[in-house]
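Reviewing the structure listed below.
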Amino acid sequence: MAGRSKAPHPARGPVLRLQECQHSCKKHLGDIISFFFRFISGNLARDSSDSELELSTVRHQPEGLDQLQAQTKFTKKELQSLYRGFKNECPTGLVDEDTFKLIYSQFFPQGDATTYAHFLFNAFDADGNGAIRFEDFVVGLSILLRGTVHEKLKWAFNLYDINKDGYITKEEMLAIMKSIYDMMGRHTYPILREDAPLEHVERFFQKMDRNQDGVVTIDEFLETCQKDENIMSSMQLFENVI
Amino acid sequence: MAAGVAAWLPFARAAAIGWMPVANCPMPLAPADKNKRQDELIVLNVSGRRFQTWRTTLERYPDTLLGSTEKEFFFNEDTKEYFFDRDPEVFRCVLNFYRTGKLHYPRYECISAYDDELAFYGILPEIIGDCCYEEYKDRKRENAERLMDDNDSENNQESMPSLSFRQTMWRAFENPHTSTLALVFYYVTGFFIAVSVITNVVETVPCGTVPGSKELPCGERYSVAFFCLDTACVMIFTVEYLLRLFAAPSRYRFIRSVMSIIDVVAIMPYYIGLVMTNNEDVSGAFVTLRVFRVFRIFKFSRHSQGLRILGYTLKSCASELGFLLFSLTMAIIIFATVMFYAEKGSSASKFTSIPASFWYTIVTMTTLGYGDMVPKTIAGKIFGSICSLSGVLVIALPVPVIVSNFSRIYHQNQRADKRRAQKKARLARIRVAKTGSSNAYLHSKRNGLLNEALELMGTPEEEHMGKSTSLIESQHHHLLHCLEKTTGLSYLVDDPLLSVRTSTIKNHEFIDEQMFEQNCMESSMQNYPSTRSPSLSSHPGLTTTCCSRRNKKTTHLPNSNLPATRLRSMQELSTIHIQGSEQPSLTTSRSSLNLKADDGLRPNCKTSQITTAIISIPTPPALTPEGESRPPPASPGPNTNIPSVASNVVKVSAL
C-alpha cells in the first residue's frame, strides 16, 4: 500500500477520487469473497506463523584466533575460555543491548543496572552498530585487564563521555553517576539522598576540571587521575580476573 | 546465578574499572584466587561411559557433588578419572545442567530413580526448568499417591489387633471381605434390596381380573403378601441402619452422609404409612410417598463399585454438567422464542405460547422428535431445522469431557486394585526372602560347625556338608553371629513349639555352663584354638576372634541318625549340639548335661561328634534370598526327631 497516495490532489478532481473509490471497493469485495471461500473450505484460521517466518537469524563468527591474539593481550587459552563463555550465553555470536542489560543486571539484583549497562554497552560497542561482537568484547576486556593504566583511564573517559565528543560535561557525568547509584537500589545504609549524585559530580568536577570551564577534557582527566594515588592503585585491582 | 552468567563475571569485574575514577575512597582488595590454574578437562567415567568437561563448568555449582571437593572421593588414581558407578543416562541430564544451567527431566525415566540420582549428585529437583517441570510434578504426585495408598493399606492391615467391638463392626460394614459374617450380612442385604425393588415393580403389574371387577394390579390383589414382604424388607433395612448408626465412628457425620440419607428415605414411607390412617385426603399424599421406595435401588451403590464410580464422576464433572445445562437452557429459550413468533401466523398452531414451545425445542434439540408439535410455516420449518442441528452440537460438546473423567477415575480405581493384589504378592515374597536369609544363616552355621566337627573327627566323610556360601553371605552371617555374641541372645526360627523347647533347654544350658565358666552367658558354641585352618574361618572359626576366649569344653556326638542328604533338604533349627572333647588341655570338669556323656567323654576323646538339629522343619533349603519365590515355610508339623536321650546330650545351641 506504500505506493498509493492517500491525500488526493485537489487539482486532479473528482475523477481521481472516483478511481480510488472503485479501487478500494474492489479490494474489499475481493476480501469478502476470499473470506467466504475460506469459510467454506475451512481455511479460515490461516497459520499465522507461516507468514512470520523469521529471516535467517543474524549470526556472526569471530575472526580467527590468531588475529584476535594479535589484537589483544590474551593468550590462546584465555581467548578460548572467554569465547566459550561468550558463546554459551549468546549462541548467535552477537550481544544485543537487551541481552547485555539482562546479563549485567543479574549481578546487581537489588538495584537497577540497566542504565549503567546501557552506557557500558556503548563503551564496548566500538563501531556503534547496536551489537557487541566477540571482537569488541575481547578488545575491551584486553584493555581493562591487560592494558596499561593509561589505556584504562582512556577507556574510563570513553565510558563517561556519552556522546563521544571528547568532553565530559556535567550532564553526562550526572547521568553516569545516577546510573551508578541506581545500581545500589533502594535499601541502602545510609539512605540514598536525592542530591547525592549531584554532590558527587560536583566533587568530581572540582577535582578534575582544572581550568573550570565546566567540561573535563581527556588531558585534564588523565593528569588528575595520575596524580591521585587511590585511583592509580584501584586501577590495578582487577589484573587477575581472567 | 545461572551458569552462563557466572561466565560473565570476569567481564563485570573488569567493567568495574569504570567506577574507579569517580570513587572517593580506596577500593577493597580483590579476593586472591589461590588455586589459579588453567582450565583443564576432566574425565567423568560413569559406568563406563566417559564424559568430559571443563573443570570450570563443574565448579559453577559449588554446592553439588561434582562442583565441590566431594568428587575427589571418586577419583581413580590409576586412570586419572572420576569414576561413578551410577546410571549414565541420568548423568547426561545432570551434566547438561552444569553446561546449560537448566535441568531437564526425561520422560522415559522413572521418577524415583531420577530423584535418587539427583539426591546423589546433590542437586535440588526444584530447579528443573519450566519445560519439564509440569511433567515432573505430575509424576511425582502420582508416585506420592501410590505410596500413600500403600501406606494406607498397610496401616489398615496392621491395625487389626485391638479393635473394639464397635470398630470391628464398622470395618465389617465398610469392607465385607474382612470376615465371613460381614460377607453374609452383605449378601443378605443385597438380596433384600433386590427383593424390595422387584416387589415394588411387580406390585403395579395388572394381575388378572377378579370376576366382577376391573383388572387389578397385583399389589391390590395380593395385598397381604406384598405387605408382608414389604415389612420384612423394611425391618431388615431398619436393623441395618441402626447397626450402622451404632457402629459409626462419627455418628453426626454418618447421619449427614449420602448413603444414610438414602437409607432413611427408603424406609420412611413404610413407617409413615403405618402411622397414617386410611384418611381419604392424606392417602393421596401417601401414595406419592411410595415413590420414594424406589430409592432403595440406590442402596445397591454400597454393593457395586461401578455405581460408586459413576456417582463420583458426576460429582467431579459438576462444572461440565452445569455448563451443558446452561447452554441448553440458553438455546432452548432462543429457539422457543423464534419458533413461537414464526408459528404465530399459522392457524391452529400448537405453539400457543413460548413456554409451550419449550417442549418442542427440547424434543427437537435432543433429536427425539415425538411429532406432537410440528411447525407448519416455512419459516418455522427453517428455524426448526436449525434448532435440531444446533441441538446436536450443544449436547455433543461437554459429553467427551464427562466420558474422559469417568474413564480416568475408573482406571485409577482399577490400578488401585491391581496394586493391592501386587502388594500382597510382593509382601509374600519379602517374607519368604527374610525367612530364607535367616534360615540360610542358621543353616550355614550348622554346616560350619559340622564341618569343623568333621574335620576334628578326621573322618573321611564329606567335609562340606552344606553348600558353600558366597563371601558376602559369610560376612553377613558373621555379622549376625557377632550380634548374637554381643547381646547374649540368639536367633530362633519362629515356631512356638521350638521356642519352648529351646528356652527350657537353654536355661538348663546356662546352669550347666556356669558350673565351669564364670563369664559365659551364652550357650554353646565351641571354641576352637586359633590354629584353625583358614578354610573354616567362615563361620564358627570367625567366632573365635570375636568371642571371648573361652575354653569351653564341648563334646561331640556322632550324628548318625541323619544322613547327609537329609541335612540339606531339611531346614533345621540351629540347635547344633556339639560335644567336643578332643582337647585335654581344656579345663574339663565339665560334666555335660547328661551323665552319660561323661562316660562317653573318655572313649570319645579323639572323636568329635555332632548331633544336629533336634527339630527339623520339612521345608526346602534356604537358597539365596533373591531366589525363587516359594511359599512361606510351611508350618512345621511336629516333625521332631529328637534323637533319643540315650544318644547323649540333647542340647540346643543358641544361634
Side-chain angles (χ1 to χ4, degrees), chain A residues 75 77-78 80-82 84-86 88-90 102-104 106-109 113 116-117 119-120 123-124 137 140-145 147 152-153 155-160 173 176-177 180 183 200-201 203-204 207-208 221 224-225 228-235 237-242, chain B residues 1-42 51-62 67 95-104 127 129-130 389 393:
Chain A
T75 64
K77 274 215 152 104
E78 287 168 341
Q80 281 177 337
S81 158
L82 277 173
R84 279 203 304 273
F86 184 84
N88 231 353
E89 269 306 292
C90 317
L102 202 66
I103 293 172
Y104 199 72
Q106 298 197 359
F107 293 106
F108 306 99
Y116 188 70
F119 296 132
L120 259 188
F124 268 92
F137 179 71
L141 269 187
S142 164
I143 296 177
L144 285 174
L145 298 177
K152 290 181 192 175
L153 286 171
W155 187 90
F157 184 86
N158 194 30
L159 172 69
Y160 301 146
M173 204 59 222
I176 299 263
M177 202 63 72
I180 293 180
M183 281 198 285
H200 204 139
V201 170
R203 261 180 294 157
F204 178 80
K207 210 164 55 165
M208 302 275 170
F221 183 73
T224 322
C225 287
D228 188 333
E229 265 183 33
N230 275 341
I231 295 180
M232 295 304 283
S233 68
S234 56
M235 281 290 169
L237 205 55
F238 295 111
E239 297 271 272
N240 304 325
V241 164
I242 294 270
Chain B
M1 256 197 280
V5 174
W8 284 70
L9 185 58
F11 162 75
R13 294 178 74 198
I17 287 192
W19 309 335
M20 300 302 148
V22 296
N24 293 329
C25 34
M27 292 286 138
L29 288 175
D33 192 359
K34 293 190 199 78
N35 294 342
K36 188 154 174 59
R37 46 171 182 241
Q38 285 295 341
D39 208 359
E40 44 166 345
L41 274 180
I42 62 176
F51 298 86
Q52 292 183 329
T53 181
W54 297 106
R55 185 175 285 276
T56 46
T57 310
L58 293 183
E59 286 169 359
R60 283 179 190 155
Y61 298 99
L95 198 53
N96 275 339
F97 165 63
Y98 285 91
R99 291 177 181 143
T100 62
K102 286 190 244 164
L103 183 61
H104 294 281
I127 45 181
D130 282 339
L389 287 174
L393 275 177

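Order of the sequence lines fixes the chain letters, A, B, ..., with proteins taken first and strands second; residue numbering starts at 1 for each chain.
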Side chain, backbone, both or neither of A/Met208 within contact of chain B (heavy atoms, under 4.5 Å): side chain
Who wins among A/Trp155, A/Phe157, A/Phe124, A/Phe221 for the most heavy-atom pairs under 4.5 Å with chain B? A/Phe124
Atom pair CD/NZ of B/Glu40 and A/Lys77 - distance to nearest 0.5 Å: 9.5 Å
Is A/Phe119 in contact with chain B via its backbone, its side chain, both, or neither, using a 4.5 Å heavy-atom distance? neither
Tell me the closest heavy-atom pair linking A/Leu145 and B/Ala14, and the distance in Å. CD2-CB, 3.6 Å
Nearest atoms (heavy-atom pairs only) where A/Leu120 meets B/Ala15: CD1-CB, 3.6 Å
For A/Asn230, all residues meeting side chain to side chain donor-acceptor pair (under 3.5 Å), sequence neighbours excluded: none
Run the side-chain contact (heavy atoms from CB on, under 4.5 Å) test against A/Ala117 and tell me which residues pass, sequence neighbours left out. A/Phe100, A/Lys101, A/Tyr104
